[in-house]
Amino acid sequence: MRTGTGPEGADGHGALMDRIYARQRHIYDASRKYYLLGRDRLIDALDADAGAQVLEVGCGTGRNLIRAAKRWPGARLHGIDISNAMLDTARVQVARAGLSHRIALAQGDAAEFDPAALFGIARFDRIMLSYTLSMIPPWEMALDMAASVLAPGGSLHIVDFGQQERLPAPFRAALFAWLARFDVSPRGGLRAVVEDVAERHRLTPRFTPLLRGYAWSAVLERRPEQNATRRGTTAPQTR
């Protein structure tokens, strides 16, 4: 699931992701199912009723969107990714699943995108960030951006690599070295940033370590009567 800007900007980061995943995208789902843990739990918890508008930021090959569409048959789904190579694969997979009428895909930068321009929708009832923040250089801005387009009564769902805090140190070292080969950096400050974003956007956060800290999960909820935070809120600086 690839999205986010780097020092060279969105275009440069998109090109980097295209280079890394030009071949990997063809085996991505088969290989990543063994260590991108917690994704299906996130999807099952969406509670996306009929008519719900669901967005995945960093949709990659479309795997999560397809599963969510089958799990929540009344929802409408949307996905953005900065990698055109990954989106090419996603479009093929979505069409193969017969879900092109329910899943819309677009190229977009997680740190700054216009949902109305991309999909004709200003706010989403459910937003997914599944193993995405660990790949976005300005990941705090991406989380802030996602919170800003969350509809009243909506929820923002996150799962990503934790810090392996209750697992053996050699396992952590080996996993982090492997992830670095694919420009993946687990975010040790994720909980603090989730809490900061929740406070500034008036959301209620829940943060849960999974599998002895292998992964971290978070849900940020907006009460139905709350107005969505306006675009333009200053994002936190990278820590």
Side-chain angles (χ1 to χ4, degrees), residues 1-7 13-14 16-45 56-68 79 81-83 85-86 89-90 110-111 127-143 146 156-197 205-220 238-239:
M1 294 110 195
R2 315 293 155 230
T3 185
T5 55
H13 193 68
L16 173 63
M17 294 296 98
D18 284 344
R19 289 195 299 273
I20 291 175
Y21 291 97
R23 295 182 180 178
Q24 282 286 319
R25 63 193 172 103
H26 300 298
I27 61 169
Y28 188 91
D29 291 333
S31 61
R32 268 57 176 184
K33 68 181 180 180
Y34 297 108
Y35 62 90
L36 297 187
L37 308 177
R39 295 179 297 172
D40 294 344
R41 171 182 171 145
L42 180 155
I43 292 167
D44 289 343
E56 181 172 22
V57 178
C59 63
T61 64
R63 181 264 187 197
N64 291 340
L65 290 171
I66 292 169
R67 184 177 178 89
D81 203 286
I82 206 166
S83 168
M86 286 296 237
T89 297
I127 301 176
M128 298 187 286
L129 293 127
S130 172
Y131 288 94
T132 299
L133 295 174
S134 55
M135 295 202 67
I136 304 172
W139 62 280
E140 294 177 335
M141 293 174 62
L143 184 53
L156 169 58
H157 299 252
I158 302 164
V159 66
D160 216 312
F161 292 107
Q163 293 295 297
Q164 327 294 306
E165 55 267 26
R166 295 176 57 203
L167 291 168
F171 178 87
R172 179 185 188 275
L175 177 63
F176 279 28
W178 167 257
L179 295 176
R181 296 178 58 186
F182 301 98
D183 204 36
V184 178
S185 300
R187 307 304 185 185
L190 180 59
R191 181 168 192 160
V193 174
V194 163
E195 292 172 349
D196 177 64
V197 168
R206 299 197 312 271
F207 191 93
T208 308
L210 305 175
L211 304 169
R212 300 176 65 189
Y214 177 88
W216 287 346
S217 172
V219 179
L220 291 82
T238 302
R239 299 174 186 230

*Any sub-3.5 Å donor-acceptor pair from T132's side-chain atoms to S130's backbone N or O?*
yes

*For residues A142 and I136, report the shortest heavy-atom separation together with the two atoms involved.*
CB-CD1, 3.7 Å

*asked:* Testing the basics here: between F207 and A218, what is the closest heavy-atom pair and its distance to 0.1 Å?
replied: CD1-CB, 3.9 Å

*Specify the closest pair of heavy atoms between C59 and G79, including all atoms of both residues, with the distance to one decimal.*
SG-C, 3.8 Å

*For side-chain contact (heavy atoms from CB on, under 4.5 Å), just list the numbers for L65 and M128, CA-CA rounded to whole Å, side-chain angles, deciding distance to a tenth of an Å, and then say yes or no.*
CA-CA 9 Å; L65 290 171; M128 298 187 286; 4.0 Å; yes

*Under a 4.0 Å N-O cut-off, is there an ion pair linking R67 with D40?*
yes

*Taking every non-hydrogen atom, the tightest pair across A90 and G60*: CB-O, 3.4 Å

*Roughly how far apart are S217 OG and I158 CD1, rounded to 0.5 Å?*
8.0 Å

*I43 versus H157: any side-chain heavy-atom pair under 4.5 Å?*
no

*Between R166 (side chain) and R212 (backbone), is there a donor-acceptor pair under 3.5 Å?*
no

*Can you name the nearest heavy-atom pair linking D81 to G58, along with the distance?*
OD2-C, 3.5 Å

*Side-chain contact test, heavy atoms from C-beta onward, threshold under 4.5 Å: evaluate it for L143 versus V194 and give yes or no.*
yes

*Contact check, side chains of R39 and N64, non-hydrogen atoms, under 4.5 Å*: yes

_Atom pair CG (L210) and CH2 (W216), whose distance is rounded to the nearest 0.5 Å_ = 11.0 Å

*Between Q164 and G162, is there a donor-acceptor pair closer than 3.5 Å when you use the side chain of the first and the backbone of the second?*
yes

*Which distance, rounded to the nearest 0.5 Å, do you find between the CD of Q163 and the CZ of R172?*
5.0 Å

*Do you know which two heavy atoms are closest between A215 and Y131, and how far apart they sit?*
CB-OH, 3.5 Å

*Answer yes or no: is there a side-chain heavy-atom contact under 4.5 Å between L156 and V197?*
no

*Side-chain contact test, heavy atoms from C-beta onward, threshold under 4.5 Å: evaluate it for V159 versus R41 and give yes or no.*
no

*Does some side-chain heavy atom of R187 sit less than 4.5 Å from a side-chain heavy atom of F161?*
no

*Classify the angle between the aromatic ring planes of Y214 and F171 as parallel (below 30°), tilted (30 to 60°) or perpendicular (above 60°).*
tilted

*Flag side-chain contact, heavy atom, 4.5 Å: V184 against W178*: no

_Counting C-beta onward and ignoring hydrogens, is there a side-chain heavy-atom pair between F176 and P186 closer than 4.5 Å?_
yes

*Any salt bridge between R191 and D196, counting N to O under 4.0 Å?*
no

